[in-house]
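To start, the structure under review is shown below, and the notes come after it.
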Amino acid sequence: ELNFSVSDSLSVTAPAQGLSLVSVGDTATQTIYADAGANGTAFIYIRNTNTSNSYSVDLRTVNGTNVFGTLDNGEFAFIPIDTNEGIQVLGVGGTVVVEYAYWTKS
C-alpha cells in the first residue's frame with residue numbers, strides 16, 4: 001500500500017480534463033491526451049481500475065507504437081509529458097476501465 005501527501009502550486013491553462021473514465025480494449029488504442037501542437041508541459045494522472053483478472057494497461061506515445069509504461073491492476077502513474085506528444089492507452093488481455101485526468105502548465 002502506498003500512501004503519501006505532497007503539496008505544490010500549479011498554474012494551469014487549457015487544455016485540462018477533470019477526472020474521467022474510459023473503457024479500453026485490447027484491439028485498439030484510446031487517446032487520452034492529444035498532441036497539443038505546441039511546446040509546453042502537461043501533467044497526466046492515469047490509473048488502471050481493474051481489480052479482477054490480470055488485465056494491464058500499456059501507456060503509449062500518440063503514434064501508438066512506443067510503449068513507455070505498463071500499469072497492472074490498481075496501479076497508477078502521475079507523469080509530466082511534453083505537450084507535443086500525446087498519450088494513448090491499450091488494454092492488455094481484455095477490456096480495462098482507465099481513470100485519467102490532465103492539467104496543462106501555464
Side-chain angles (χ1 to χ4, degrees):
E1 182 174 318
L2 176 65
N3 186 3
F4 62 90
S5 176
V6 177
S7 295
D8 197 357
S9 175
L10 177 65
S11 297
V12 297
T13 188
Q17 176 69 46
L19 202 57
S20 301
L21 296 172
V22 65
S23 180
V24 60
D26 59 0
T27 59
T29 57
Q30 174 72 42
T31 299
I32 61 172
Y33 183 87
D35 179 348
N39 290 328
T41 302
F43 293 90
I44 298 182
Y45 159 77
I46 307 169
R47 182 172 72 102
N48 177 349
T49 67
N50 196 44
T51 57
S52 61
N53 302 315
S54 296
Y55 302 159
S56 59
V57 175
D58 275 353
L59 308 178
R60 299 172 179 234
T61 56
V62 78
N63 65 17
T65 60
N66 299 321
V67 177
F68 65 88
T70 300
L71 299 175
D72 290 327
N73 289 353
E75 292 182 339
F76 74 94
F78 186 79
I79 55 175
I81 66 160
D82 185 322
T83 56
N84 275 327
E85 293 292 332
I87 301 295
Q88 294 179 330
V89 291
L90 177 71
V92 178
T95 300
V96 179
V97 175
V98 174
E99 181 178 70
Y100 71 98
Y102 57 80
W103 304 268
T104 303
K105 184 177 177 181
S106 62

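For the numbers below, each heavy atom of this structure counts, side chains included, while hydrogens, waters and symmetry mates do not.
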Which other residues belong to the hydrophobic cluster containing L90, where Ile, Leu, Val, Met, Phe, Trp and Tyr are joined when side-chain heavy atoms lie under 4.5 Å apart, directly or via other members? none
Can you tell me which residue pairs pass the salt bridge (Lys or Arg N to Asp or Glu O under 4.0 Å) test with a partner in residues 21-32, sequence neighbours excluded? none
In the single-linkage hydrophobic clustering (I, L, V, M, F, W, Y; side-chain heavy atoms under 4.5 Å), do F78 and V22 co-cluster? no
Check step by step if side chain to side chain contact (heavy atoms under 4.5 Å, CB included) holds for N66 and R60. CA-CA 5 Å; N66 299 321; R60 299 172 179 234; over 6 Å; no
What pairs with Y100 under ring-ring contact (aromatic ring centres under 6.0 Å, His included), at least two apart in sequence or on another chain? none
V97 backbone acceptor or donor facing T49 side chain under 3.5 Å: yes
Hydrophobic clusters here meaning ILVMFWY residues chained together by side-chain heavy-atom distances under 4.5 Å, can you tell me if V89 and L21 are in one? no
Please list all pairs passing the salt bridge (Lys or Arg N to Asp or Glu O under 4.0 Å) test where one or both residues lie in residues 68-84, with sequence neighbours left out. none
Do F68 and I44 share a hydrophobic cluster (ILVMFWY, side-chain heavy atoms under 4.5 Å, transitive)? yes
My understanding is that only one of V67, N48, L71, V98 makes a side-chain contact (heavy atoms from CB on, under 4.5 Å) with L59; could you say which? L71
Cluster check V12, V6: I/L/V/M/F/W/Y, side chain < 4.5 angstrom: yes
Assigning hydrophobic clusters by single linkage (Ile, Leu, Val, Met, Phe, Trp, Tyr; side-chain heavy-atom cutoff under 4.5 Å), is I87 placed with F76? no
Apply the test side chain to side chain contact (heavy atoms under 4.5 Å, CB included) to residues T104 and S106: give CA-CA distance (whole Å), side-chain angles for both, the deciding distance (0.1 Å), then the verdict. CA-CA 6 Å; T104 303; S106 62; over 6 Å; no
Output all residues satisfying salt bridge (charged side-chain N to carboxylate O under 4.0 Å, His left out) with E85, sequence neighbours left out; order by chain, then residue number. none
Could you note down all residue pairs passing side chain to side chain donor-acceptor pair (under 3.5 Å) where residues 31-47 supplies at least one of them, sequence neighbours left out? T31-Q88, N39-N84, Y45-R47, Y45-E99, R47-E99
Take Y55 and V92, measure what side chain to side chain contact (heavy atoms under 4.5 Å, CB included) needs, and give me the verdict at the end. CA-CA 5 Å; Y55 302 159; V92 178; over 6 Å; no
If I compare all heavy atoms of V96 with all of G91, which pair ends up nearest, and what's the gap? CG2-CA, 4.3 Å
So Y102 and F43, side chain to side chain contact (heavy atoms under 4.5 Å, CB included) or not? Walk me through it. CA-CA 5 Å; Y102 57 80; F43 293 90; over 6 Å; no
Chi angles and distances behind the side-chain hydrogen bond (donor to acceptor under 3.5 Å, both in side chains) call for T51, N73: CA-CA 6 Å; T51 57; N73 289 353; over 6 Å; no
